[in-house]
Amino acid sequence: MNNNNQEEQNLSKANFVRNIIIDDVKNNKHNGKVVLRFPPEPNGYLHIGHAKSICLNFGLAKEFHGSCNLRFDDTNPTKEEEEYIESIKNDVQWLGFGLGEKIFYTSDYFEQLYSFALQLVKAGKAYVEDLTAEEIREYRGTLKEPGKESPYRNRSIEENIDLLEKMKNGDFEDGKHVLRAKIDMASPNINLRDPVLYRIQKAHHHRTGDRWSIYPMYDFAHGQSDSIEGITHSVCTLEFEDHRPLYDWFIEQLGIHHPQQIEFARLNLSYTVMSKRKLLQLVEEKYVEGWDDPRMPTISGLRRRGFTPASIKDFMERIGVAKADSSVDVALLEHCLREDLNKNAPRVMAVLRPLRVVITNYPENQVEELEAENNPEDETAGTRTMPFSKVIYIEQDDFMEDAPKKFFRLSQGREVRLKHAYYVTCNEVIKNENGDIIELQCSYDPATKGGWSDDGRKVKGTLHWVSEQHALKATVRLYDRLFTKANMNKGDFKEFINPDSVEVLENCLLEPSLSTAKAEINYQFLRQGYFCVDSKDSKEGALIFNRSVSLKDSWANQAKK
RNA sequence: UGGGGCGUCGACAAGCGGUAAGUCACAUGGUUUUGGUCCAUGUAUUCGAGGGUUCGAAUCCUUCCGCCCCAGCCA
C-alpha cells in the first residue's frame with residue numbers, strides 16, 4: 001500500500017458536516033481549531049444511534065487534530081443516575097475513543113449559568129413567572145395562533161432579581177415560579193415564545209447534592225455550555241434545528257462565544273426501536289432481560305451479542321451523515337460484522353442439533369488427532385487438532401431421507417466429506433418407534449484421511465462434526481430480530497415484538513478446544529455463523545454461547561423455492 | 001393549514017450547470033475441504049411531479065405534491 005492509499009484510509013468518507021469543518025479549517029475560522037462534544041443525558045443506556053454521534057464527533061476531532069468533550073447534560077436530577085454515567089463512559093471507551101483528560105458536566109456550570117440568568121434579568125430580558133404550568137401552556141398559543149403575554153411579564157427588574165434569588169434559596173415550593181426569557185409571544189417559532197429558563201426542583205442532584213433548588217432547562221444550559229467550553233461546531237440532531245434561533249439569542253444577549261450548530265438526521269435501524277423511552281419500556285416491562293440484552297440495539301447489548309467496535313465504526317462510515325430522515329437496513333450492520341469476523345474469527349466445529357453417527361468400519365477404541373486450519377482467511381492463524389473416533393455427531397439438517405438431487409449433504413447411499421477427517425457413506429438409518437431418525441450407520445474410507453482423495457472422486461458436500469466422547473456440552477442462544485416489522489413509526493411498537501427473537505438450544509456439542517473460550521472473543525461455528533461466550537450467564541462447565549450473526553445461507557434461500 | 005427541515009435504485013448515499021459514484025440487498029456465472037469467503041457480471045434513459053431558463057439541468061427559477069419536527073416547569 002502506498003502513502004496515498006494509506007492517507008485515504010485514515011480519512012473518513014465525505015459528508016456535509018465534515019465538509020463544513022474542512023472549509024472552516026481552511027478559512028481559519030476558529031483559528032483553525034476544531035472542538036467538538038458528545039453531550040448525552042445520563043438517563044439511560046447509549047444505543048447505536050448515539051454511536052453514530054460518537055463516531056462522528058470523536059472521529060472528526062481525531063481527523064482534524066482537535067478535541068471532543070464527553071459532557072453529561074445533567075440538568076434534570078429527577079431522571080438521571082450515576083449508573084448511566086458509568087455505562088456511558090464505558091461504552092464510549094469500548095468503541096475505542098479516549099475520554100480525554102477530563103469529563104465535562106453541565107452541572108459544573110450551574111454557578112455560571114445562574115449568573116447568565118441574572119445578567120438577562122438585569123438587562124430586562126428575563127422575568128419571573130407566577131402563572132401555573134397549565135396557564136403558561138394556554139398563554140403560549142398554538143402552532144397557528146400567537147400566544148399572549150403573561151401579566152407578570154413586565155415586573156420591575158428589582159422584583160425579578162428578588163424573586164429569582166428567593167427561587168434559588170429555596171423559598172418557594174416546586175412549580176410555584178419559573179424564570180422565563182422575554183422574547184416574543186407572537187413568534188411563529190414557538191421556542192421563542194418566552195421559553196422557560198429555570199424551574200424550581202427541590203431534588204437531590206447526583207453531583208451537586210442539595211445545593212440547588214432550581215435547575216436550568218436544557219435550552220438554557222446547552223448552548224451556553226458549548227460556549228463555555230469553546231466548542232467550535234455543535235453537531236446535533238435535526239429536531240434542534242428550530243431551537244437554534246433561541247440559542248443564538250442567548251449567545252447574543254450574553255455576548256459570549258458563538259459555537260456553530262450543525263444538525264444531521266438521527267439513525268434509525270430496521271426491525272428495532274431507537275428511542276430511550278421505548279428501550280426503557282422494553283426493559284421495565286421485561287420484554288428483554290435488561291439494557292444489555294443481546295437483542296437490544298444498545299451499545300452494551302450489541303457488545304454482549306458479539307458485535308465488535310470495528311464493525312460498528314465501519315457501519316457508521318458506510319451509512320454516511322445527511323439530513324434526510326432515513327432508516328438503515330439492519331442487514332448492512334450484519335454485513336459489517338460478518339466482514340470483520342470473516343477475517344478475524346477462528347473457525348471451530350459445533351453441532352447445534354446433534355444426530356448420532358456410528359462409523360461401523362472404524363476401529364472400536366481408536367482416537368485420531370486430526371489437523372484443522374483455524375482460519376482459511378488468515379494464514380497466520382495456524383492449525384489445531386481435533387479428535388476423531390468411531391461415534392460422532394453431525395447436524396440433523398445435514399441428513400435427509402429421499403433427498404433431492406440439489407441436496408449436497410448426507411442421505412442413504414450418498415458420500416460426503418467430514419471436514420478435515422474422512423469421506424463417509426451412509427448405509428443405514430435407525431429410527432425409534434415414532435419414526436424419528438435417531439442414528440445413522442456409516443462407513444468411512446481410510447484412504448481419504450484429512451478429507452482428500454487422489455482418485456479424482458468428487459464429493460459435493462462437506463459437513464462439520466464432533467466426536468462423541470470428546471464433545472463439550474453447551475447451551476447456544478440463537479438470536480433473531482426483536483421486531484417483526486421493519487419500520488414502526490406509527491401505531492404501538494409492542495404489537496410487533498417478535499415472539500421468537502431468541503431460541504435456546506440446550507444440548508449442543510462443541511469441539512473440545514472451546515473449553516477455554518472467553519467472552520468477547522468471536523468464533524465462527526463452521527457453516528453456521530459467528531458465536532461468542534455470553535459475558536454474563538456462561539460459567540465454566542456450563543458454557544453459554546450467543547449467536548452474533550449467522551453466515552449467509554444461500555441453500556436456505558434455494559430450499560425455500 | 002404558523003414556523004423549521006427533507007424528497008436521487010428495495011435500503012443508505014455521492015453529485016452542487018457538462019450529460020447518474022459507491023455500499024448493502026437482490027440475481028446469474030466461476031473458484032472453493034465452510035451451499036461461507038473470494039472473483040466476474042447484471043440491476044435508476046433517470047433524480048417526488050409539472051412548467052420555465054440554458055447549447056446543456058438531479059444541480060438555477062417557479063408552481064404543486066408528499067414526508068418529518070415544534071404548542072414539557074423533558075433532553
Side-chain angles (χ1 to χ4, degrees), chain A residues 13-15 39-41 43 73 75-76 78-80 129 131-134 136-138 140-147 174-180 186-193 196-201 214-215 217-219 221-222 237-245 263 265 270 276-277 315 317-336 338-339 342-343 347 349 372-373 376-377 406-409 417-421 423 448 450-452 459-464 486 489 524-529 550-559:
Chain A
K13 198 172 127 186
N15 66 63
E41 184 191 15
N43 68 341
D73 239 321
T75 55
N76 186 353
T78 62
K79 289 192 176 168
E80 295 149 11
E129 177 63 277
L131 257 29
T132 63
E134 197 171 321
I136 289 177
R137 193 186 328 126
E138 285 162 12
R140 188 149 34 219
T142 67
L143 295 178
K144 292 202 284 194
E145 297 151 23
D174 286 15
K176 180 74 179 135
H177 293 289
V178 92
L179 181 73
R180 292 231 255 169
S187 172
N189 181 345
I190 291 181
N191 295 121
L192 263 21
R193 318 241 263 231
V196 172
L197 270 31
Y198 268 94
R199 75 286 215 187
I200 301 170
Q201 245 181 154
I214 56 172
Y215 291 92
M217 296 292 291
Y218 172 85
D219 275 349
H222 194 85
T237 43
L238 254 26
E239 68 269 28
F240 294 104
E241 221 153 8
D242 44 9
H243 292 235
R244 193 173 58 216
E263 306 88 3
S270 62
K276 279 193 202 170
R277 201 199 94 240
F315 173 71
E317 202 58 39
R318 290 178 192 236
I319 61 173
V321 181
K323 294 191 74 160
D325 292 314
S326 60
S327 175
V328 178
D329 192 341
V330 71
L332 179 58
L333 215 211
E334 293 173 345
H335 168 82
C336 292
R338 286 193 190 102
E339 188 168 86
N342 176 53
K343 251 178 322 195
R347 317 284 120 136
M349 295 204 227
E373 64 184 343
E377 303 296 317
K406 289 271 201 175
F407 185 80
F408 304 143
R409 305 179 188 183
R417 168 169 43 234
L418 295 175
K419 178 99 175 169
H420 301 312
Y423 288 4
T448 58
W452 292 102
V459 173
K460 205 54 165 134
T462 300
L463 311 186
H464 59 277
N489 307 326
Q524 186 193 104
F525 286 6
L526 220 67
R527 303 208 298 138
Q528 306 195 87
S550 66
L551 246 33
K552 281 215 248 171
D553 190 350
S554 56
W555 165 242
N557 287 345
Q558 200 186 339

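In what follows, chains carry the letters A, B, and so on, assigned in the order in which the sequence lines appear, proteins first and then strands, with residues in each chain numbered from 1.
- The salt bridge (charged side-chain N to carboxylate O under 4.0 Å, His left out) search around A:R318 returns A:D314, A:E339, not counting sequence neighbours.
- When the side-chain nitrogen and oxygen atoms of A:H464 are compared with OP1 and OP2 of B:U34, none of them lie within a distance under 4.0 Å.
- Distances shown here put a side-chain N or O of A:R199 below 4.0 Å from the OP1 or OP2 atom of B:A75.
- When each of B:A75, B:C73, B:C24 is scored by its nearest atom to the side-chain atoms of A:H335, the top-ranked nucleotide is B:C24.
- Scanning for side-chain hydrogen bond (donor to acceptor under 3.5 Å, both in side chains) contacts around A:D73 gives A:T106, A:H222, with sequence neighbours left out.
- Distances from the side chain of A:I190 to the nucleotides B:C74, B:G36, B:C70 place B:C70 closest.
- A close approach under 4.0 Å does not occur between any side-chain nitrogen or oxygen of A:R140 and OP1 or OP2 of B:G2.
- Closest to the side chain of A:N342, from the set B:C73, B:U34, B:U37, is B:U37.
- At a cut-off of 3.5 angstrom, counting only N and O atoms as typed in the model, there is no donor on one side facing an acceptor on the other between the side-chain of A:E239 and the base of B:G5.
- Counted within 6.0 Å of NZ on A:K176, heavy atoms from surrounding residues, nucleotides or ligands total 12 or fewer; the atom is thus considered open.
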Per-nucleotide protein contact string for nucleotides 8-18 of chain B (B base, S sugar-phosphate only, - none; heavy atom under 4.0 Å): ---SSSS----
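- Comparing the P positions of B:U46 and B:G51 gives an interatomic distance of 14 Å, to the nearest angstrom.
- In this structure, A:T75 reaches the B:A75 phosphate: one of its side-chain N or O atoms is under 4.0 Å from OP1 or OP2.
- For A:F407, taking side-chain heavy atoms from C-beta onward, the closest of the listed nucleotides B:C73, B:G35, B:A71 is B:G35.
- Residue A:M217 places its side chain closer to B:A75 than to any other of B:U1, B:A75, B:U34.
- Comparing the P positions of B:C12 and B:G50 gives a spacing of 23 Å, expressed to the nearest Å.
- For A:W555, taking side-chain heavy atoms from C-beta onward, the closest of the listed nucleotides B:G35, B:A75, B:A71 is B:G35.
- In this structure, the nucleotide among B:G4, B:G35, B:C73 sitting nearest to the side chain of A:D242 is B:G4.
- With sequence neighbours excluded, the residues satisfying side-chain hydrogen bond (donor to acceptor under 3.5 Å, both in side chains) with A:E263 are A:R244, A:Q261.
- Distance check on atom C1': B:C61 versus B:U23 gives 34 Å, rounded to whole Å.
- Every residue two or more places apart in sequence or in another chain was checked for a side-chain hydrogen bond (donor to acceptor under 3.5 Å, both in side chains) with A:R199, and none qualifies.
- For A:S554 and B:G36, the shortest distance from a side-chain N or O to OP1 or OP2 is below 4.0 Å.
- Residues passing the salt bridge (charged side-chain N to carboxylate O under 4.0 Å, His left out) test with A:E239, sequence neighbours excluded: A:R266.
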Secondary structure string for RNA chain B (Watson-Crick or G-U under 3.5 angstrom, | for other-strand pairs): .(((((((.[[[..)..(...]]].(((((.......))))).....[[[[[..)....]]]]])))))).....
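- Between A:T132 and A:E373, it is A:E373 whose nearest contact on RNA chain B lies nearer the 5' terminus.
- Considering only side-chain atoms of A:R137, the nucleotide from B:G72, B:U34, B:C73 that sits closest is B:G72.
- Going from the P atom of B:A71 to that of B:U45 covers 42 Å, rounded to whole Å.
- Under the salt bridge (charged side-chain N to carboxylate O under 4.0 Å, His left out) criterion, A:R180 pairs with A:E129, not counting sequence neighbours.
- Between A:R527 and A:E145, the residue anchored nearer the 5' end of RNA chain B, judged by the nucleotide with its closest heavy atom, is A:E145.
- Remark: A:K406 is not in phosphate contact with B:G35, judged by side-chain N or O atoms under 4.0 Å from OP1 or OP2.
- Scored by the salt bridge (charged side-chain N to carboxylate O under 4.0 Å, His left out) test, A:R409 finds A:D398 as partners (sequence neighbours excluded).
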